[in-house]
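So that the names make sense, note that chain A is the first sequence line, chain B the second, and so on, each numbered from 1. For the numbers below, each heavy atom of this structure counts, side chains included, while hydrogens, waters and symmetry mates do not.
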Number of protein chains: 2
Amino acid sequence: MTGERRKFTREGEERRREALISATLDLVAEGGVMAATVRAIAARAGVTPGLIRHYFTGKEDLTRAAYRGLMDRMTAENLDVIRNAGADPAARLAAFVAASLRPPVVHAGRLGRWAAFIQMVRRDPAIREVHEATYLNYRDQLQGLIADLPGSRDEGDLRRLAIACNGVIDGLWLEGCALPESFPDDELARIGVAAVGAILGVDLMPHIPDPAAESETP
Amino acid sequence: MTGERRKFTREGEERRREALISATLDLVAEGGVMAATVRAIAARAGVTPGLIRHYFTGKEDLTRAAYRGLMDRMTAENLDVIRNAGADPAARLAAFVAASLRPPVVHAGRLGRWAAFIQMVRRDPAIREVHEATYLNYRDQLQGLIADLPGSRDEGDLRRLAIACNGVIDGLWLEGCALPESFPDDELARIGVAAVGAILGVDLMPHIPDPAAESETP
DNA sequence: CACCTAATTATACACTTGCATAATTACCTT
DNA sequence: AAGGTAATTATGCAAGTGTATAATTAGGTG
């Protein structure tokens with residue numbers, strides 16, 4: 001029973017990269033940066049650690065790629081929500097807000113992942129750029145939805161309103177992820193939609209979509 | 001020139017504990033959990049690593065103590081803000097909101113520290129308890145200020161309004177810490193006070209305090 | 001089928017981490 | 001001033017980290 005070398009199959013480059021990235025994101029979500037060691041990542045991806053350095057310059061490179069992939073996926077999901085919403089501006093906005101304040105977006109693992117990456121944002125300029133771009137994109141989406149509402153607002157007001165609404169959403173998302181059992185039913189979404197409506201001077205509550213509609217990956 | 005043993009003085013237990021805790025908090029704020037190694041902490045506290053295990057069971061114990069200390073300090077600061085505010089309910093609320101959305105509370109290092117500790121909150125039940133207590137205390141303070149406003153609101157509404165306002169504050173705090181240069185002057189506080197006022201149906205803007213008032217430690 | 005290339009694994013290394021233990025020495029007591 | 005005690009330092013260690021490099025072998029090509 002001496003050393004038996006492990007059998008393997010040659011997968012496509014893209015699949016291996018994605019497997020490694022996905023493993024990284026999962027591990028970070030579960031146990032923070034601490035848990036995402038090269039060995040753990042490789043094991044989760046069904047591979048040996050050496051392969052990481054075959055597809056990436058090093059661990060830092062992999063982490064960067066993972067963050068970029070995550071951000072791309074998130075903005076794509078947001079776009080999907082807007083696309084699948086109806087035509088009425090108020091309903092579209094309500095759907096956008098509600099989607100950000102319900103599972104699977106509200107999810108303890110997502111908060112952990114977000115918290116873990118925030119550290120990198122400060123140190124790594126490349127990451128910081130991705131972060132800012134994603135954040136501003138989200139805010140712009142929101143600002144667009146607000147601009148489509150009936151009534152006219154000047155550009156400066158529009159920006160400030162978008163910042164405020166974005167704040168409510170982010171803050172409530174945070175609280176929902178950190179203390180999930182504190183907000184039964186769909187309370188978080190209802191509070192968020194009501195608050196955004198109040199800030200904008202529009203009653204959005206009649207337009208809040210049914211909770212049991214869509215679902216995405218955690 | 002052989003090994004010269006380092007000179008030292010015997011400080012009080014309380015001072016040493018505080019020095020170690022303070023060093024831990026600073027390092028976590030600067031470089032995340034990663035940077036807060038026993039050696040770095042000891043060096044920052046002007047001490048050798050072994051002392052950590054003399055005053056604490058281990059690194060985890062020190063980290064827990066640091067988190068508890070931080071949370072205590074934060075709630076104390078919040079209480080100070082309320083104490084130093086005037087008598088008018090609207091002005092008190094405006095002061096409370098504004099204080100949370102200005103330096104030194106809005107500070108990149110604080111976000112990093114918060115993010116670093118959030119991970120622990122999920123894994124360590126003791127830490128989680130402290131976290132929830134602090135969070136609920138903050139929200140209760142807020143709810144009390146809201147309840148003091150003119151007009152009557154039932155208990156359920158009060159709770160929901162406090163959650164929403166807390167969300168705005170948290171979310172804007174987050175954005176302000178992450179992208180400091182995006183909000184010149186006192187814009188963040190102004191947006192926050194306006195949004196909270198809108199949610200509550202009260203115009204708080206006339207009561208927003210002058211930015212150049214107080215200052216605290218980062 | 002043999003061969004060649006590159007995807008994959010295996011091994012080794014230098015470094016860091018937290019912790020345990022032993023050796024010192026500053027300061028209090030008498 | 002002497003002595004004792006506990007606060008503090010010094011040293012060592014096992015485990016885990018990322019990375020470099022060499023050894024294999026899967027799978028396409030002639």
- prompt: Quick one: A:Arg10 CZ to D:dG28 P, roughly how many Å, whole number?
  reply: 9 Å
message: Without decimals, in angstroms, what is the distance between B:Leu27 CG and C:dT17 P?
response: 11 Å
A:Arg5 side-chain proximity, nearest of D:dA23, D:dT8, D:dG27: D:dA23
message: Closest approach to the side chain of A:Arg39, judged atom by atom: which nucleotide of D:dT19, C:dT9, D:dT8 is it?
response: D:dT19
task: Between C:dG18, D:dA10, D:dA7, spot the one nearest the side chain of B:His54, thanks.
output: D:dA7
query: With a 4.0 Å cut-off on heavy atoms, is A:Arg16 in touch with a base, just the backbone sugar-phosphate, or nothing at all?
result: sugar-phosphate
task: May I ask you to evaluate whether B:Tyr55 reaches the phosphate of D:dA7, defined as a side-chain N or O under 4.0 Å from OP1 or OP2?
output: no
task: Round to a whole Å and report the spacing from NZ of A:Lys7 to P of C:dA10.
output: 10 Å
message: Quick check against the 3.5 Å criterion: does B:Asp124 have a side-chain atom that pairs as donor or acceptor with the backbone of B:Ala126?
response: yes
Atom-to-atom span, CG of A:Asp61 to P of D:dA20 - whole angstrom: 12 Å
message: Heavy atoms only, 4.0 Å cut-off, all strands: where does B:Glu13 land among base, sugar-phosphate and nothing?
response: nothing
field: Residue B:Lys59, side-chain heavy atoms: nucleotide from D:dT9, C:dG18, D:dG18 that is nearest
entry: C:dG18
- request: Return the value, rounded to whole Å, for the distance between atom CD1 of A:Ile41 and atom P of D:dG18.
  value: 7 Å
- prompt: With no angle test and no hydrogens, is the base of D:dG18 tied to the side chain of A:Arg53 by a donor-acceptor pair under 3.5 Å?
  reply: no
- request: Check the distance between C:dT8's P and A:Ile52's CD1 and give it to me in whole angstrom.
  value: 13 Å
- request: Whole angstrom is fine here: how far is it from CD in A:Glu11 over to P in D:dA26?
  value: 14 Å
- prompt: Mapping B:Met34 and A:Gly46 to their closest nucleotides on DNA chain C, which lands nearer the 5' end?
  reply: A:Gly46
message: With salt bridge (charged side-chain N to carboxylate O under 4.0 Å, His left out) as the rule and sequence neighbours excluded, what pairs involving residues 38-48 of chain A come up?
response: A:Glu30-A:Arg44
query: Within the structure shown, what part of the strands sits under 4.0 Å from A:Phe56 by heavy-atom distance: base, sugar-phosphate, or nothing?
result: nothing
query: Which nucleotide, D:dT9, D:dT19, D:dA26, lies nearest any side-chain atom of B:Arg6?
result: D:dT9
message: Expressed as a whole number of angstroms, how long is the span from B:Glu4:CD to D:dT11:P?
response: 12 Å
message: So if I take every side-chain heavy atom of B:Thr37 and compare against D:dT8, C:dA10, C:dG18, which nucleotide ends up nearest?
response: C:dG18
- request: Apply side-chain hydrogen bond (donor to acceptor under 3.5 Å, both in side chains) to B:Asn78 and B:Gln141, showing your working.
  value: CA-CA 9 Å; B:Asn78 287 332; B:Gln141 302 268 22; over 6 Å; no
- prompt: Can you tell if the side chain of A:Phe56 reaches within under 4.5 Å of the side chain of A:Thr63, non-hydrogen atoms only?
  reply: no
- request: Say whether, by atom type as modelled, one donor and one acceptor occur between the side chain of A:Arg92 and the main chain of A:Gly86 under 3.5 angstrom.
  value: yes
